Amino acid sequence: AVVSVSHDLFTAMQTIRVERGTINTGLETATPIDPDTQRDIIALRRRSNAAFDSAFAKIAEMGIPQSNAEVAQILSARAEFDRMRISVDAAMLLSKSERPPTLGGLWVAGGGKLTNAIDALSERLSGEINQPEPLIAEMMKIKQVAWVIRDAAGIDRLTIGSIIAIGDTIAPAQKLQFATLTGRI
């Protein structure tokens with residue numbers, strides 16, 4: 001059950017990160033987003049919502065209530081992220097000059113808050129199976145290492161996408177950030 005929930009949570013995290021990057025690039029682009037990008041975003045949301053729904057159904061079957069601190073934190077962050085989706089959807093239909101200038105940063109932070117909350121629950125659930133099932137415990141450790149790599153690679157990709165969308169050069173601070181991310185990866 002824990003492995004199944006962790007898989008769903010990981011799918012939700014991964015899909016949210018891709019959505020976050022796609023939208024962040026859309027917010028940085030000078031023109032409104034195109035219909036293909038809109039369809040991609042809709043597909044990503046369907047996938048993450050399906051993974052969330054599956055995970056939370058299984059969590060409920062495991063007897064973990066929505067009042068559990070980690071579950072409640074995810075639900076709160078998800079509700080906030082869903083509200084932000086409305087704002088970014090409207091903003092991406094405008095030209096960049098008409099968009100709120102702080103929206104991209106808020107969007108990235110909101111996605112980070114949600115994925116961090118998901119990761120915290122996934123880590124706790126993974127920790128509960130360390131001794132009884134050694135093979136699964138080892139697989140969960142690999143998942144944890146893979147997530148660290150994916151997280152660093154996702155931030156790297158998000159930053160590169162922003163630079164490309166803006167058409168800007170890489171600032172010295174960003175070069176240091178890229179070097180740090182490369183080291184993590």
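Not measured: the values here are computed from a predicted model.
With Asp119 contributing its side chain and Thr115 its backbone, the two residues share no donor-acceptor pair below 3.5 Å. The closest donor-acceptor contact from the side chain of Trp107 to the backbone of Met84 lies at 3.5 Å or more, if one exists at all. In terms of modelled atom types and a separation under 3.5 Å, the side chain of Thr25 and the main chain of Gly21 share a donor-acceptor contact. At least one donor-acceptor pair under 3.5 Å links the side chain of Thr15 to the backbone N or O of Thr11. With hydrogens and angles disregarded, no donor-acceptor distance shorter than 3.5 Å links the side chain of Ser76 to the backbone of Ala72.
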**Report entry** Evaluation steps, side-chain hydrogen bond (donor to acceptor under 3.5 Å, both in side chains), between Ser97 and Ser95
**Finding:** CA-CA 5 Å; Ser97 63; Ser95 65; 3.3 Å; yes
Query raised in the report: Could you walk me through whether Asn49 and Arg46 pass the side chain to side chain contact (heavy atoms under 4.5 Å, CB included) check?
Result: CA-CA 5 Å; Asn49 286 335; Arg46 281 188 187 133; 6.0 Å; no
Requested in this report: Apply side chain to side chain contact (heavy atoms under 4.5 Å, CB included) to Met92 and Ile41, showing your working.
Outcome: CA-CA 11 Å; Met92 287 187 300; Ile41 291 167; 3.7 Å; yes
Requested in this report: Apply the test salt bridge (charged side-chain N to carboxylate O under 4.0 Å, His left out) to residues Arg45 and Asp89: give CA-CA distance (whole Å), side-chain angles for both, the deciding distance (0.1 Å), then the verdict.
Outcome: CA-CA 12 Å; Arg45 288 180 182 169; Asp89 287 352; 2.7 Å; yes
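Residues Val88 and Leu106 are not in side-chain contact: their nearest non-hydrogen atoms beyond the backbone lie 4.5 Å or more apart. Using a 4.5 Å cut-off on side-chain heavy atoms (C-beta onward), Ile118 and Glu70 make no contact. When side chains are defined from C-beta on, Val71 counts as touching Phe56, because their heavy atoms get closer than 4.5 Å. Put simply, the side chain of Leu114 does not reach to within 4.5 Å of the side chain of Met13, judged on heavy atoms.
Hydrophobic cluster membership is shared by Leu9 and Met62, with clusters built from Ile, Leu, Val, Met, Phe, Trp and Tyr side chains linked at under 4.5 angstrom. Cluster annotation: Leu44 is not connected to Ile23 through the hydrophobic network of ILVMFWY side chains, with a link wherever side-chain heavy atoms come within less than 4.5 Å.
Closest non-hydrogen pair, Asn24 versus Gly104, comes out as OD1-O, 3.8 Å. Here the shortest heavy-atom pairing between Gly26 and Ile33 reads CA-CG2, 3.8 Å. Nearest heavy-atom pair, Arg20 versus Gly111, reported as atom, atom and distance to 0.1 Å: NH1-C, 3.6 Å. The two residues Leu103 and Ser87 make their nearest non-hydrogen contact at CD2-O, 3.9 Å. Heavy-atom minimum distance, Glu28 versus Arg99: N-NH1, 4.2 Å. For the residue pair Ala51 and Ala12, the shortest heavy atom distance occurs at CB-N, 3.8 Å.
Side-chain N/O atoms of Thr37 and Asp34 include a donor and acceptor closer than 3.5 Å.
Between Glu19 and Arg47, none of the side-chain N atoms (NZ, or NE/NH1/NH2) sits under 4.0 Å from a carboxylate O, so this pair counts as no salt bridge. Salt bridge Lys58/Asp53: absent, no basic N to carboxylate O contact under 4.0 Å.
Summarising the geometry, atom CG belonging to Leu75 is positioned 8.5 Å from atom CZ belonging to Phe52; distances are rounded to the nearest 0.5 Å. Once rounded to the nearest 0.5 Å, the distance linking OG of Ser48 with CD1 of Ile16 reads 5.0 Å. Asp8 CG to Ile59 CD1: the interatomic distance, rounded to the nearest 0.5 Å, is 8.5 Å.
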